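Order of the sequence lines sets the chain letters (A, B, ...), proteins ahead of strands, with each chain counted from 1. None of the values given here were measured: they were computed from a predicted structure.
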There are 2 protein chains.
Amino acid sequence: MTTKKRGQIDTSFLDAFVGYHVRRVGNGFDRSFTEAMAGTEIRQALFGVLSLIAANPGINQGGIADALEIKRANMVGLIAELEERDLIARAVVPSNRRAFALTLTAAGSAMVADCLARIGRHEDRLLANLSSAERIILIGLLRRLA
Amino acid sequence: MTTKKRGQIDTSFLDAFVGYHVRRVGNGFDRSFTEAMAGTEIRQALFGVLSLIAANPGINQGGIADALEIKRANMVGLIAELEERDLIARAVVPSNRRAFALTLTAAGSAMVADCLARIGRHEDRLLANLSSAERIILIGLLRRLA
DNA sequence: TATTGTTATACTCTATAACTATA
DNA sequence: TATAGTTATAGAGTATAACAATA
């Protein structure tokens with residue numbers, strides 16, 4: 001053969017690194033996530049924001065940014081998009097008029113429920129090769145790296 | 001308190017999903033990787049390409065794209081950059097004049113060795129909370145998802 | 001001075017479609 | 001027709017610096 005084909009390629013240098021596997025698995029999850037969300041127009045970052053507001057009504061943008069480990073500057077577009085779509089509402093906090101208290105609208109709550117069901121199925125599909133115990137072990141190991 | 005502070009925020013919706021943890025850990029690895037490579041001007045994708053050429057001299061661009069699960073179109077810039085920096089060499093394959101056989105230059109080999117040492121230290125730092133056995137378990141679980 | 005949100009901008013990785021040249 | 005590489009372009013996530021309003 002003149003060139004190597006897939007599966008014959010030596011990836012031993014990369015195989016030793018956790019970062020390589022995390023990246024590959026993460027990219028696969030990204031692609032599957034996008035498929036699973038088809039029709040909702042909800043992306044990963046948007047779901048992260050929605051789910052945090054669902055569990056923490058009244059949270060502000062900076063709180064979400066800290067929890068999701070993204071920059072405040074990148075929250076602006078996400079929040080604006082969710083508000084334009086009437087999935088969240090912003091209310092000025094009287095005691096701190098710089099901040100907005102964020103809550104879900106009824107449509108936002110319904111969207112979160114729909115997304116949770118979709119993501120549950122997407123995860124079950126991607127993790128089909130692991131037992132329930134293994135899935136728990138995996139999450140536990142990843143949590144200790146965060 | 002008027003707003004929730006970091007650590008007081010409920011992330012339970014996200015915590016149940018492997019994809020969320022993979023993403024967070026992956027982002028942390030990305031940031032650390034960039035730090036670890038400071039001064040080399042080698043990014044993740046570039047190291048992936050270099051390491052595959054190191055282990056598979058003569059491989060072509062399509063073979064690398066398949067192995068790294070990236071698109072051929074995105075290889076063009078990476079390969080051009082590495083060639084401009086004299087880290088790799090391209091040779092037309094006589095039996096298939098569409099393809100280029102890729103090999104490392106001496107500078108490329110030295111760069112791979114330097115990067116391997118840097119990445120090894122970066123991984124040891126990020127994985128300090130895991131035992132050797134746990135690291136192996138983690139890689140094993142991630143490999144079964146790829 | 002510090003915090004909250006904002007604007008502007010840039011970088012990295014990934015993705016698709018259409019093209020050239022070879023096979 | 002199919003393959004190998006290329007071009008152009010776009011989307012998503014993340015990053016920094018500087019700013020206004022508020023505390």
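- Ion pair E81(A)/R85(A) flagged as a salt bridge, since at least one NZ, NE, NH1 or NH2 atom sits closer than 4.0 Å to an Asp/Glu carboxylate oxygen.
- For V92(A) against R97(A), the heavy-atom pair with the smallest separation is CG1-CA, 3.9 Å.
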Short N/O separations, protein against nucleotides 20-23 of chain D, under 3.5 angstrom:
| from | atom 1 | to | atom 2 | distance (Å) |
| --- | --- | --- | --- | --- |
| dT22(D) | O2 | R98(A) | NH1 | 3.0 |
| dA23(D) | OP1 | R97(A) | N | 2.7 |
| dA23(D) | OP2 | R97(A) | NH1 | 3.1 |

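- OP1 or OP2 of dT6(C) lies within a sub-4.0 Å distance of a side-chain N or O belonging to R90(A).
- Distance CG (D30(A)) to P (dA15(C)): 9 Å, rounded to an integer number of Å.
- Residues passing the ring pair (Phe, Tyr, Trp, His ring centres under 6.0 Å) test with F33(B) are H122(B), sequence neighbours excluded.
- The existence of a salt bridge linking R24(B) and D15(B) is excluded, since no basic side-chain nitrogen approaches an acidic carboxylate oxygen closer than 4.0 Å.
- Following rounding to the nearest Å, M75(B) (CE) and dT14(C) (C1') show an atom-to-atom distance of 13 Å.
- Judged purely by atom type and a 3.5 angstrom limit, R118(A) uses its side chain to pair as donor or acceptor with the backbone of A38(A).
- Look at NZ on K71(B): it is 17 Å from P on dT6(D), rounded to the nearest Å.
- If you chain together hydrophobic residues whose side chains sit under 4.5 Å apart, I137(B) and L126(B) fall into the same group.
- As rounded to whole Å, 10 Å separates atom P of dT7(C) from atom CD of Q61(A).
- Annotation: side chain to side chain donor-acceptor pair (under 3.5 Å) contacts of R125(B) (sequence neighbours excluded): S32(B).
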Can you pull every protein N or O that's under 3.5 Å from an N or O on nucleotides 11-13 of chain D?
| from | atom 1 | to | atom 2 | distance (Å) |
| --- | --- | --- | --- | --- |
| dG13(D) | OP1 | Q44(A) | N | 3.3 |
| dG13(D) | OP1 | A45(A) | N | 3.2 |
| dG13(D) | OP2 | R43(A) | NE | 3.0 |

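- A salt bridge is absent between R23(B) and D30(B): the closest approach of a Lys/Arg side-chain nitrogen to an acidic carboxylate oxygen does not fall below 4.0 angstrom.
- Rounded to whole Å, atom C1' of dT6(D) lies 13 Å from atom CD1 of I79(B).
- Within the 4.5 Å cutoff, the side chain of N96(B) has no heavy atoms near those of the N60(B) side chain.
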Let's go through F13(B) and N56(A) carefully: what are the C-alpha distance in whole Å and the side-chain angles of both, what is the deciding distance for side-chain contact (heavy atoms from CB on, under 4.5 Å) to 0.1 Å, and is it a yes or a no?
CA-CA 11 Å; F13(B) 284 180; N56(A) 305 274; over 6 Å; no
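- Remark: C1' of dT3(C) and CG of N60(A) are 10 Å apart, rounded to the nearest angstrom.
- Here dT16(C) presents its P atom at 10 Å from CD of E35(A), a figure rounded to the nearest Å.
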Short N/O separations, protein against nucleotides 7-9 of chain D, under 3.5 angstrom:
none

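- In this structure, the side-chain contact (heavy atoms from CB on, under 4.5 Å) partners of R90(B), at least two apart in sequence or on a different chain, are Q61(B), I79(B), E83(B), F100(B), L102(B).
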